[in-house]
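Quick notes on the structure that follows.
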Amino acid sequence: MVENRQPQVLLLPEGYTRTQKRDAQRNNIMAAKLVAETVRTTLGPKGMDKMLVDSMGDVVITNDGVTILKEMEIEHPAAKMIVEIAKTQEEEVGDGTTTAVVIAGELLKKAEDLLEQEVHPTIIAKGYTMASNKVSELLDKMSMKVDIKKVETLNKLAKTCIATKAPAESKKLVEILVKAVLRVIDEGKVDPDNIKIQKKVGKSVDDSELINGFIIDKERVSSGMPKKVSDAKIALISTALEVEKTETEAKINISSPDQLQSFLEQEERMIKDMVDRIVKSGANVVLCQRGIEDVAQHFLTKAGILAVKNISSSDMSRLARATGGNVVKTLDSLSKTDLGSAKVVEELKIGNDNMVFVRECSNPKAVSILVRGGTEHVIDEVERSIEDAVGVLKSAIEDGLVVAGGGSPEMYLSKGLMNYSEKLKGREQLAVRAFAKALETIPRTLAENAGIDPIDMMVGLRAAHDSGKKWYGVDMTKGSPADMVKQGVIEPSRVKEQAIQSASEVAVMILRIDDVIAAGKLKGEGGPGPGAGGGMPPGMPGMPGMM
Ligand code: ADP
Ligand code: MG
């Protein structure tokens with residue numbers, strides 16, 4: 001960096017590390033590749049699961065790319081960029097997180113080969129951007145328009161997505177999911193917020209159900225209250241039903257039993273007042289975000305009202321939406337117009353616990369999926385697959401465009417990019433070809449994870465695609481190439497588009513970095529610096545015990 005016999009100039013304060021040029025690139029690429037390697041084995045229906053144990057000993061068992069990466073608390077800055085694309089993918093489309101990360105890793109691996117051949121990173125970045133634009137164009141052309149009103153199509157989409165996580169249970173889940181999504185469609189759009197997932201350990205996944213309405217994971221406050229209220233008029237209250245305590249500590253001097261009596265009576269009157277106001281509004285159900293004290297419970301019971309306390313604020317706002325009511329902050333303002341409504345509110349025993357069901361809400365678009373399963377790990381993974389599948393159905397319903405799965409679109413795009421590269425002159429051609437090769441990693445990995453010989457598979461797939469069989473992908477059971485549309489393996493085009501675009505963007509961004517200047521860790525935080533320094537392979541601190 002500094003010429004001999006010249007005075008050394010120190011630009012950076014003590015503790016800073018600086019990595020430049022090829023070292024910086026090599027280091028960042030290595031870290032990104034490591035992230036991709038980690039999730040690679042989980043891709044596809046035959047992918048393996050990972051067990052993640054955090055510092056508290058809590059265990060997560062999952063196959064979901066983004067969950068694995070979030071749990072790993074990766075610290076390397078370039079590796080973190082890869083984790084970010086998984087998160088974006090999840091937020092934007094729900095599914096395809098592993099695909100995005102695996103492609104990003106492969107793009108960088110191929111870029112490294114080009115860097116070795118002295119192709120300048122700017123050229124590679126340019127070629128990759130050209131290739132990803134071409135991918136969008138090709139995807140548009142290849143996508144199939146589908147009638148998303150056909151339940152059969154939605155079933156296939158949901159099944160393809162769910163089968164990668166919870167294969168044995170997928171049939172019942174698919175049925176529930178498609179029904180749920182169909183019920184919440186509003187002017188061609190799907191709002192995932194309208195589908196509440198309520199988990200309860202017990203029974204099996206097949207016992208999961210779709211509830212037309214809302215489930216509150218709480219029981220009524222007193223057993224004297226009615227268990228079931230029909231034609232429910234629901235007061236949604238965000239304050240506690242108790243006498244307000246003064247902010248400052250107050251002392252009351254009571255010198256006679258009479259005084260004590262009257263003091264208590266006064267408190268009781270205040271509470272009675274509150275309950276009277278609720279009764280006057282016409283409510284027969286009270287859903288309260290805070291506590292309900294004993295005396296209030298007593299009066300509510302006497303009035304024949306079903307009350308539930310300590311409901312989370314997110315549930316309160318969802319309940320307001322579902323029942324068409326308003327959450328009121330003070331009882332003074334509670335009026336008839338604030339009440340929400342539902343056909344039935346009732347408490348039921350689910351497993352060992354009681355839960356309150358708000359059925360047939362005034363907003364018919366509110367549904368809940370009650371997820372059952374043998375253990376917490378099982379229902380957590382089912383929840384994640386439901387979230388993915390809702391994203392998939394949403395994308396398909398909103399766009400009406402799908403492609404087949406099993407690596408067939410990647411094969412098709414790869415071939416299309418190869419043809420495109422032939423028309424290019426400069427060195428960008430090499431980068432576009434590298435991009436094309438990188439896409440093949442998806443079918444290859446699907447085959448590898450299913451224990452199928454990847455070389456035979458790739459030879460077979462290339463031959464099929466050369467003869468124009470564009471939906472040929474990896475048949476998991478036969479172990480040979482097959483038409484994925486015929487097998488009902490379809491995915492929304494939006495998932496593929498987003499996965500490839502964000503993989504390309506992050507690869508380009510990482511390639512453009514040729515200087516990493518990192519501050520040392522603040523004292524007391526412990527651990528090494530942000531791993532980007534020096535030419536050594538990056539440390540990935542915080543990685544929990546993985547199996
Ligand atoms: P991601 O996080 O990227 O969604 P998954 O583990 O869900 O990763 O795997 C998705 C990949 O598995 C897609 O390429 C999809 O086409 C493929 N896939 C899903 N089901 C099948 C199937 N039955 N046969 C072949 N490939 C499948
Ligand atoms: Mg998936």
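Atoms within a ligand are numbered from 1 in the order they appear, just like the ligands themselves. The model shown is predicted, which means the values in this text are computed figures rather than measured ones.
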*asked:* Does Lys126 have more than 12 heavy atoms from other residues, nucleotides or ligands lying within 6.0 Å of its NZ?
replied: no

*Checking Ser204 side chain against Asp206 main chain: does a donor-acceptor pair fall under 3.5 Å?*
yes

*May I ask you to decide whether Glu112 forms a salt bridge with Lys109, counting only side-chain N to carboxylate O separations under 4.0 Å?*
no

In a table with atom names and distances, give each donor-acceptor pair under 3.5 Å that connects a side chain of residues 455-465 to protein atoms at least two apart or in another chain.
from	atom 1	to	atom 2	distance (Å)
Arg462	NE	Glu440	OE2	3.2
Arg462	NH2	Glu440	OE1	2.9
His465	NE2	Tyr472	O	2.8

*Counting N and O atoms only, with roles assigned by atom type, does the side chain of Ser385 sit under 3.5 Å from a partner on the main chain of Glu381, one being a donor and the other an acceptor?*
yes

*Quick one, list the residues around ligand 1 where some non-hydrogen atom comes in under 4.0 Å, by chain and residue number.*
Thr42, Leu43, Gly44, Pro45, Asn63, Asp95, Gly96, Thr97, Thr98, Thr99, Thr160, Thr164, Gly405, Gly406, Leu446, Val474, Met476, Val489, Glu491, Lys496

*What number of protein N, O or S atoms occur at distances under 2.8 Å from the Mg ion (ligand 2)?*
1

_Inter- and intrachain pairs under side-chain hydrogen bond (donor to acceptor under 3.5 Å, both in side chains), touching residues 393-413, at least two apart_ = Lys394-Glu398, Glu398-Arg494, Asp399-Arg494, Glu410-Lys496

*Kindly say whether Thr129 contributes a backbone atom to a donor-acceptor pair with the side chain of Ser132 at under 3.5 angstrom?*
yes

*Got a donor-acceptor contact below 3.5 angstrom from the Lys200 side chain to the Leu370 backbone?*
no

_Could you check whether any side-chain N or O of Glu71 sits under 3.5 Å from a backbone N or O of Leu52, counting only pairs where one atom can act as donor and the other as acceptor?_
no

